[in-house]
S.K.: 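What follows is a structure written as structure tokens; I'll ask about it next.
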Amino acid sequence: VEPWEVTNGQGQPYKVFTPFSKAASSQVAGDEPEGVPEMGASASSASAWPQPTEPAWAASLAEHWTPGEAGARERLAQLDLANYAEERDIPALNATSLLSPHLRFGEVSPREVWFAAAEEPECAKFHSELLWRDFAWHRLYYLPNLATENVREKFDRFDWSWDDPRLKDWQAGATGIPLVDAGMRELWATGYMHNRVRMVVGSFLTKNLGIHWRLGEEWFWDTLVDADAASNPFNWQWVAGCGDDAAPFFRIFNPETQAKRFDPDGAYVRRWVPELAHLEGAAAHEPWKHDDGYAHDYPERIVDHAQERLEPRRGQAAGELEPAGVEPAHPGRRVQHD
């Protein structure tokens, strides 16, 4: 839905997702996409275009993706939402649509995907995810500097680091935090990262390491096959706490808790972090608790989440960035762990 077509009672754009999603979904209902237009005889064939030389690093991406409209339609035809709401947060399962790269490059339209999903009996959660993507584009329309400026200006005073050497550990999947490393390695190998894990690695970078969200956003832009101009900065600002309808800054995704909840048997971690394949079940999430946890040269933690949460927050006056009424877990730091 076009940004100027979805406004609140005062004619202003929505800044909160829930009312936006209700207004936008009501406009989509019943308004099916147009058919494919007839192409004139003079239209050039893509096969006649000069083909670029494929860089060597693209080989692993080709194992996972089929770019183009044919690949998009094949993926859409495989859409199965029977257990989507219950399983989409489990990174070891193939439970997400994997349509995001095709949507990003316009190989299939979100409206077409919407109506294809509507034929499934359990489409509400999937529709909500399509609307979240639309919400990001609506915010970019009104905030053209979304990739470079904090939406919430008070975060301009926050001293995120721009030169922390641990950024390279994060990029390489060598932080010593298994779920974080699994996600970063999946990203490098496939150009994709599971949606739940994206929130964990983003929270870890911005809140555990104190590194500026823009450095994470730039890395995702360089490595994700589905990174687009709206969703990428919008979601990074969301996880960092400085964006519209964002997770509050004091909400930190505990990577160990998230791992035990969404990867309980350690299957996802062992797939992408083979150094921990010898640890069975949930033991793969906490190698530091096992005598043989580092038997295969897995790096030790660059930060201890439990210890780090007790340290005063960097460069912040007491209460400057938190809502009223939240009791501090430690003087100078107020934290909610998920």
S.K.: State whether the side chain of D228 and the backbone N or O of S231 hold a donor-acceptor pair below 3.5 Å, judged by distance alone.
M.R.: yes

S.K.: Do any N or O atoms from the side chain of S26 and from the backbone of A23 form a donor-acceptor pair under 3.5 angstrom?
M.R.: yes

S.K.: Rounded at 0.5 Å granularity, tell me how far CG in D89 sits from CZ in R261.
M.R.: 7.5 Å

S.K.: Any salt bridge linking D169 with R166? Criterion: basic side-chain nitrogen under 4.0 Å from a carboxylate oxygen.
M.R.: no

S.K.: Would you mind checking if K260 and E286 are paired as a salt bridge, meaning a charged N to carboxylate O distance below 4.0 Å?
M.R.: yes

S.K.: State, to 0.1 Å, how close A72 and V108 come at their nearest heavy-atom pair, and which atoms those are.
M.R.: CB-CB, 4.0 Å

S.K.: Nearest 0.5 Å, please: how far is CG in N150 from CG in N145?
M.R.: 11.5 Å

S.K.: What heavy-atom pair brings A283 and L279 nearest, and what distance separates the two atoms?
M.R.: O-CD1, 3.6 Å

S.K.: Are L130 and L140 joined in one hydrophobic group, where the rule is that I, L, V, M, F, W and Y side chains link up if heavy atoms are under 4.5 Å apart?
M.R.: yes

S.K.: Which heavy-atom pair separates P178 from W288 by the least distance, and what is that distance?
M.R.: CD-CZ3, 3.9 Å

S.K.: Identify whether F17 and W137 are in the same connected component of the hydrophobic contact network (ILVMFWY, side-chain heavy atoms under 4.5 Å).
M.R.: yes

S.K.: Between F155 and W160, is a side-chain contact (heavy atoms from CB on, under 4.5 Å) present by the stated rule, with each step listed?
M.R.: CA-CA 9 Å; F155 277 85; W160 275 303; 3.6 Å; yes

S.K.: Within this structure, what is the CD-SG distance for the pair Q237 and C242, rounded to the nearest 0.5 Å?
M.R.: 4.0 Å

S.K.: Going from OG on S97 to CD on Q78, what distance comes out if it is rounded to the nearest 0.5 angstrom?
M.R.: 11.0 Å

S.K.: Sequence neighbours excluded and cut-off under 3.5 Å, please list the side-chain donor-acceptor pairs for residues 214-222, or say none.
M.R.:
| residue | atom | partner | partner atom | Å |
| --- | --- | --- | --- | --- |
| R214 | NH1 | T148 | O | 3.3 |
| E217 | OE2 | N232 | ND2 | 2.8 |

S.K.: Could you list all the side-chain hydrogen bond (donor to acceptor under 3.5 Å, both in side chains) pairs where at least one residue sits in residues 1-13, not counting sequence neighbours?
M.R.: none

S.K.: For atom CH2 of W132, decide whether the heavy atoms of other residues, nucleotides or ligands shown that lie under 6.0 angstrom number more than 12.
M.R.: yes

S.K.: Report whether L93 and M193 are members of the same hydrophobic cluster (ILVMFWY, side-chain heavy atoms less than 4.5 Å apart, transitive linking).
M.R.: no

S.K.: Answer whether the closest heavy-atom distance between the side chains of E256 and H285 falls below 4.5 Å.
M.R.: no

S.K.: Enumerate, atom names and distances included, each donor-acceptor pair closer than 3.5 Å involving a side-chain atom of residues 60-67, sequence neighbours excluded.
M.R.:
| residue | atom | partner | partner atom | Å |
| --- | --- | --- | --- | --- |
| S60 | OG | A189 | O | 2.8 |
| W65 | NE1 | T190 | O | 2.7 |

S.K.: How far apart are the C-alpha atoms of L79 and Y84, what are their side-chain angles, what is the distance that settles it, and do they pass the side-chain contact (heavy atoms from CB on, under 4.5 Å) test?
M.R.: CA-CA 10 Å; L79 186 65; Y84 178 81; over 6 Å; no

S.K.: Are R198 and D226 close enough for a salt bridge, meaning some N to O gap below 4.0 Å?
M.R.: yes

S.K.: As an exercise, state the distance from NE2 of H194 to CG of L98, rounded to the nearest 0.5 Å.
M.R.: 9.0 Å

S.K.: Is there a side-chain contact between L179 and F262, using heavy atoms and a 4.5 Å cut-off?
M.R.: no

S.K.: With a 4.5 Å limit on heavy-atom distance, are the side chains of D245 and T18 in contact?
M.R.: no

S.K.: Give me the atom names and distance for the closest heavy-atom approach of V28 to F115.
M.R.: O-CZ, 3.4 Å

S.K.: Could you go through W170 and I302, starting from their C-alpha distance and side-chain angles, then the distance that decides it, and tell me whether this counts as side-chain contact (heavy atoms from CB on, under 4.5 Å)?
M.R.: CA-CA 9 Å; W170 179 83; I302 61 175; 5.8 Å; no

S.K.: Over all heavy atoms of both residues, which pair between R185 and P274 is shortest? Give the atoms and the distance, please.
M.R.: NH1-CD, 4.0 Å

S.K.: Please table the atom pairs, donor to acceptor, closer than 3.5 Å between any side-chain atom in residues 291-300 and protein atoms at least two apart or in another chain.
M.R.:
| residue | atom | partner | partner atom | Å |
| --- | --- | --- | --- | --- |
| Y298 | OH | I177 | N | 3.3 |
| Y298 | OH | D181 | OD2 | 2.4 |

S.K.: State, with a plain yes or no, whether a side-chain heavy atom of R196 is found less than 4.5 Å away from one of F253.
M.R.: yes

S.K.: Are any of the side-chain heavy atoms of S21 and F135 separated by less than 4.5 Å?
M.R.: no

S.K.: Please name all residues satisfying side-chain contact (heavy atoms from CB on, under 4.5 Å) with D134, sequence neighbours left out, ordered by chain then number.
M.R.: V1, F20, H138

S.K.: Kindly give the heavy-atom pair with the smallest separation between Y268 and A182, and that separation in Å.
M.R.: CE2-CB, 3.6 Å

S.K.: Are there more than 12 heavy atoms of other residues, nucleotides or ligands under 6.0 Å from atom CD of E280?
M.R.: no

S.K.: Test D244 against Y14 for side-chain contact (heavy atoms from CB on, under 4.5 Å), laying out the working first.
M.R.: CA-CA 10 Å; D244 283 318; Y14 287 100; over 6 Å; no

S.K.: Measuring from S161:OG to L205:CG, what's the distance to the nearest 0.5 Å?
M.R.: 9.5 Å

S.K.: For the backbone of A174 and the side chain of K168, can you confirm whether one donor and one acceptor N or O come within less than 3.5 Å of each other?
M.R.: no

S.K.: With a distance cut-off below 6.0 Å to the six-membered ring centre and an angular limit of 45° from the axis, does R139 pair with F234 as a cation-pi contact?
M.R.: no

S.K.: Report whether W213 and L167 are members of the same hydrophobic cluster (ILVMFWY, side-chain heavy atoms less than 4.5 Å apart, transitive linking).
M.R.: yes

S.K.: Scan residues 102-131 for pairs that pass side-chain hydrogen bond (donor to acceptor under 3.5 Å, both in side chains), counting only residues two or more places apart or in two chains.
M.R.: D31-R111, R73-E112, R88-E129, H102-E107, K125-E129

S.K.: Could you tell me if the side chain of M199 sits less than 4.5 Å from the side chain of W238, heavy atoms only?
M.R.: yes

